[in-house]
Amino acid sequence: MPKGYEPADVEARWNKHWEDNKTFSPNPAEVLSGEKQPYSIVIPPPNVTGALHMGHALNLTLQDILCRFMRQQGKSVLWVPGTDHAGIATQNVVERQLKKEGKKRDDLGREAFIERVWDWKKEYGDRILNQIRRMGASVDWTSERFTLDEGLSKAVREVFVRLYGEGLIYKGNYIVNWCNRCHTALADDEVEHAPKKGKLYRIKYPLADGSGELIVATTRPETLLGDVAVAVHPEDERYTHAIGKAVVLPLVGKQIPVIADAYVDKEFGTGCLKITPAHDMNDWALARTHNLEVIPVIDDTGHMNENAPEAYRGLSKTACRDKVVEDLEALGLLVDIADHDHSVGECYRCKSVIEPHVSEQWFVKVGPLAKAAREAVPSQTQIFPAQWEKTYYEWLDNIRDWCISRQIWWGHRIPAWTCQACGELLVQMEDPADLAHGCAKCGGALKQEDDVLDTWFSSALWPFSTLGWPEKTDKLKAYYPTGVLVTGFDILFFWVARMMMMGIHFQEQVPFHHVYIHALVRDEQGKKMSKSTGNVIDPLVMIDKYGTDSLRFTLTAFAAMGRDIKLSEKRIEGYRHFVNKIWNSARFALMNLPEAPKATLAQALENAPLANRWILHRLEEVKDEVESATLEYRFNDIAQGLYKFIWNEFCDWYVEMAKGDLYGEDEAKKDATRKVLLTVLSETMVLLHPVMPFVTQEIWSVLPGITDKELACQPYPVRRPECKSPQAARDMAFFQGVVGAVRTIRTELCIEPAKKLPLIIDTDGAFDGAQAVLTGNAHLIAQLGRIDSSDIGPGKTGPRASGTAVVEGARIFVPLKGIVDFNAEVARLDKELGKLDKQLAALKGKLSAPGFAGNAPADIVAAEQEKLAGLEDAKGKLAELQERLKSALTEEA
RNA sequence: GGGCGGAUAGCUCAGCUGGAAGAGCAUCGGCCUUACAAGCCGAGGGUCGCAGGUUCGAGCCCUGUUCCGCCUACCA
């Protein structure tokens, strides 16, 4: 094995191996026959336009941990990879490309443009998939899908046609969020709200009868041209006289009514609200209840249209605003302009300001779908962490109909045709064979809808469309519903809730049993990573520098539930050290495993030394920990449990203790320890494999005596209840305490590391068996504490001039006469005694507190009393040892 | 406006059902001890945001409060 771990080569090699061997392609038959339980995950499909970012890296890591773990648990695991066509985003990318060539999409025409996008997709769509490979994701590449591929398009059409048939899809003229730049409608949740500094203009609207005027407040004076009414609160005494009268609309000159509606806030502005139904969501709603006319004055490109007075026609809305203000001022109708902070809707794709706009659009009537989706949580689908349930409910409870039509070209074209002659609307699966003579009623020419569907419409079907629906495939039968959906909270609404709606409606089963919402990955300062801020940590760069396993482990270690991850490169670099540590521990093991050990584990366990019994005991505990942590999505606990076990226990203690046997002459001992070493290492590789697939697989493949070189297909390590040994744990803790005490004395008193020292231990007062632990492992204490001679037994006493400590009642003496300045040891013991005093005071206070003995459970009281006795014993002994030392010092002086 | 999350060692964070405050990194001291200096050994460092309350006992439960962060909403 090379001295240092070289990830690039290892990762490339195994990735190729896994894909060539279809290691992660399951067979549905093994589920349908009942041989295996299914476990499936559909990947949140990244945008084809996208490049892998840290959010993806985290998302993929967590899913991969679950998939690899479930394979170990004997499940038939299907992880479906794929990409999303991301309508607006992708179209924008290609349009930008065209712009560089000085062209617009209209120059190409619809078909040529779409072809162009496909070309682009073919060229760049694989990039993100290759990046998924580099993460080590154990997806089934034979199941890869794209939201716009043939099968999925069929699913989309089936859903659309059926929902239309059920009356859950309708078409109509409504006000929608309109992006002038993308030139399309957007759903409510595609609008982001950003605070903006704006102005509040107060404008006089004279009453038509000359009895005065009303003053309205607005942030968008140009919309005045489309006003159809002024509304006041019905109980606002200031204006009751005006209700029912008319005002003269400035600049336009026509009369509009003053209406009353409780929606108006008396406190805000002047209490008078101008109503522009065509350009404001709320005004639209008011107009509907009051039967007001809708007059659009801004067109779909953001310019004033023919409904505006001639002077303003053709102006952009900002230019128009300036002119309107100017003209109002000239007429003396402008009262004042004040600064005003408010939030403004922006397009989530291009950040342009959203213009409410009236147009003919398609909608999904979400009420019934949302109700079912709501009721399925948490009984059918559990959300982890559960706090997100509330957010999920909140959204579903307040949901409005979903605008699904988009005025772009890249996407699923709406399967509806209108007869140019009689106006008949056709919604059906198949394209009418001959558009020229298609109308069933009159034979008139049919024209397909120009609009395409919202990208999220196809995403909503992802959990079943990817499995082959509407065909009744084996895959669908075997793997639907999926086990878990792993995603960030930012698309809980966009995606998760809609998959729930569609899954329940079309499969009559929820799409997943669990939803795991993971953190957002932020930068060091906790800011969102973004290209414009320049604080992006690119996962691929990190992989190149530190290896995939380091990156994965880092993300796992920080993936505590319900908390954002603040990531910095230093952390990844730090965990690379861990990968290297694992590599080196394997190198050590292999150097000592020239061949597979002959002994069975049972044989190795006969009369096994403490080190072997202890590490096997800990291994059993770690198996339990890793399993429960994985099942409960406590990813950080998986990482931390394994880190501690491998580094602080296996490497720091076990390997050091095993060296004696491994380097020794006793062949039986050597073989037994080799067996334990190999067992622990190999099973640890299995446990760690879901988190670090590459380094573990590479090590596994060179372990002696292992026939199946494919680590990804190994079962979870068997449990060995016979290896659990609380006694070994206790003995080891004692042993570590003694070694630690000796080491502390050495370092604190500045004794040269090379200097070997004698050691005396009095085991009186320690637990039964303590004596045996120490004498049985005296050679190890000598090795680890640099001791040249030891004398261990009950009642033993060292010279007064010793460095001393008390461990679990046993007194430790390190004779140091002539070696060091004992004043330092006196001072050190003072410090130790001080600590003990503090603990004793706290404990005594607790025990003597009124009511403690009576109210606390008996076992707690007993435990506390035992602790007290232990502390008092230690303090007494240590104080006495210090006195002896002092007396030795005064004698010398 | 409504909701959610956070506040614990210098930094980043663990801490499950309340029972003597933990890890990693950083810092300090000592070591090239034949797997690993990407390493080993040792040490220091915290009134667990603030104020109350419940309890024999609170980082953990309750109430209030202050700062951060996020989500959501129709204040023109």
Side-chain angles (χ1 to χ4, degrees), chain A residues 1 3-5 189 193 200 216-220 223 231 263-265 267-276 280-283 285-286 340 342-343 385 387-388 390-391 394-395 398 489-490 492-493 520 522 524 526-528 557-558 560 562-568 570-571 573-592 628 632 634 636-637 640 643-644 648 651-652 655-656 659 663 740 743-748 750-754 783-784 786 838-840 842-843 846-847 849-857 859-861 863-864 867-868 871:
Chain A
M1 285 173 85
K3 196 170 175 191
Y5 174 61
D189 52 17
H193 294 272
L200 188 64
V216 303
T218 180
T219 53
R220 301 176 56 204
T223 61
Y263 163 76
V264 180
D265 182 354
E267 308 300 320
F268 188 89
T270 58
C272 295
L273 174 63
K274 66 186 216 45
I275 306 292
T276 323
D280 184 282
M281 296 285 178
N282 304 302
D283 293 3
L286 280 176
H340 180 66
H342 59 146
S343 82
Q387 75 214 28
W388 288 105
K390 200 168 175 178
T391 314
E394 199 115 329
W395 189 73
N398 298 313
F489 61 81
D490 46 336
L492 184 62
F493 309 137
L520 231 55
R522 299 172 177 281
E524 248 171 307
K527 286 195 210 105
K528 209 165 173 171
F558 284 94
R563 194 158 179 155
D564 285 348
I565 297 176
K566 288 187 200 166
L567 189 73
S568 78
K570 275 170 89 177
R571 294 170 199 293
E573 191 185 349
Y575 280 118
R576 179 185 53 167
H577 298 180
F578 180 47
V579 179
N580 204 52
K581 185 78 180 174
I582 295 165
W583 182 254
N584 277 300
S585 68
R587 277 181 63 223
F588 168 82
L590 286 161
M591 288 166 98
N592 290 286
S628 60
E632 291 163 28
R634 289 182 284 111
N636 56 324
D637 288 341
Q640 262 142 35
Y643 185 95
K644 182 180 173 216
N648 303 123
C651 291
D652 289 350
V655 164
E656 294 307 321
K659 279 177 180 171
Y663 297 160
R743 283 170 167 174
T744 302
I745 289 169
R746 295 192 67 112
T747 314
E748 294 263 300
C750 302
I751 298 164
E752 284 171 54
Q783 177 199 326
L784 299 176
R786 305 226 147 207
K838 246 171 122 179
Q839 289 174 21
L840 271 168
L843 199 53
K846 183 174 185 178
L847 278 162
F852 176 74
N855 291 335
D859 56 326
I860 297 287
V861 177
E864 297 290 312
K867 274 181 217 159
L868 180 67
L871 282 178

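Convention: sequence-line order gives letters A, B, ...; per-chain numbering from 1.
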For [N] and [M], measure between their [atom1] atoms and round to the nearest Å.
N	M	atom1	value
B:C31	B:U66	C1'	49 Å
B:C48	B:A14	C1'	13 Å
B:U27	B:C67	C1'	29 Å
B:G49	B:A7	P	7 Å
B:A35	B:C50	P	50 Å
B:G10	B:G57	P	30 Å
B:G6	B:G42	P	35 Å
B:A9	B:A21	C1'	10 Å

Rounded to whole Å, please give me the gap between [atom1] in [X] and [atom2] in [N].
X	N	atom1	atom2	value
A:Met591	B:C36	CE	P	7 Å
A:Tyr5	B:C36	OH	C1'	16 Å
A:Glu748	B:G42	CD	P	11 Å
A:Phe578	B:G39	CZ	P	12 Å
A:Glu394	B:C4	CD	C1'	10 Å
A:Trp395	B:C4	CH2	C1'	18 Å
A:Glu632	B:U17	CD	P	11 Å
A:Tyr263	B:C74	OH	P	9 Å

Would you say [X] places a side-chain N or O within less than 4.0 Å of OP1 or OP2 belonging to [N]?
X	N	value
A:His577	B:C36	no
A:Lys581	B:A38	no
A:Asn855	B:C56	yes
A:Arg576	B:A38	no
A:Lys390	B:G3	no
A:Thr744	B:A43	yes
A:Tyr643	B:A14	no

Can you tell me the Watson-Crick or wobble partner of [N], both distances under 3.5 angstrom?
N	result
B:U33	none
B:G1	B:U72
B:U12	B:A23
B:U63	B:A51

If you check every side-chain atom of [X], which of [options] has the closest atom?
X	options	value
A:Phe588	B:A35, B:G30, B:G42	B:A35
A:Asn648	B:G24, B:A14, B:A35	B:G24
A:Ile860	B:G19, B:A76, B:A35	B:G19
A:Lys566	B:U12, B:C56, B:A76	B:U12
A:Phe558	B:G42, B:A35, B:U12	B:U12
A:Ala856	B:A76, B:G19, B:A35	B:G19
A:Gln839	B:A20, B:G19, B:U12	B:A20
A:Glu864	B:A20, B:A14, B:A35	B:A20

Practice problem: Please check if the side chain of A:Asn398 supplies one atom and the backbone of A:Glu394 the other of a donor-acceptor pair under 3.5 Å. | Solution: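 It does hold such a pair.
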Quiz item: Under 4.0 Å between a Lys/Arg side-chain N and an Asp/Glu carboxylate O for A:Glu573 and A:Lys570?
Solution: no
Practice problem: Classify the ring geometry between A:Phe493 and A:Trp395 as parallel (under 30°), tilted (30 to 60°) or perpendicular (over 60°). | Solution: parallel
Quiz item: Is the A:Phe489 ring parallel, tilted or perpendicular to the A:Trp388 ring (thresholds 30°, 60°)?
Solution: parallel
Practice problem: Under the side chain to side chain donor-acceptor pair (under 3.5 Å) rule, what do A:Ser568 and A:Lys566 come out as? Steps first, then yes or no, please. | Solution: CA-CA 7 Å; A:Ser568 78; A:Lys566 288 187 200 166; over 6 Å; no
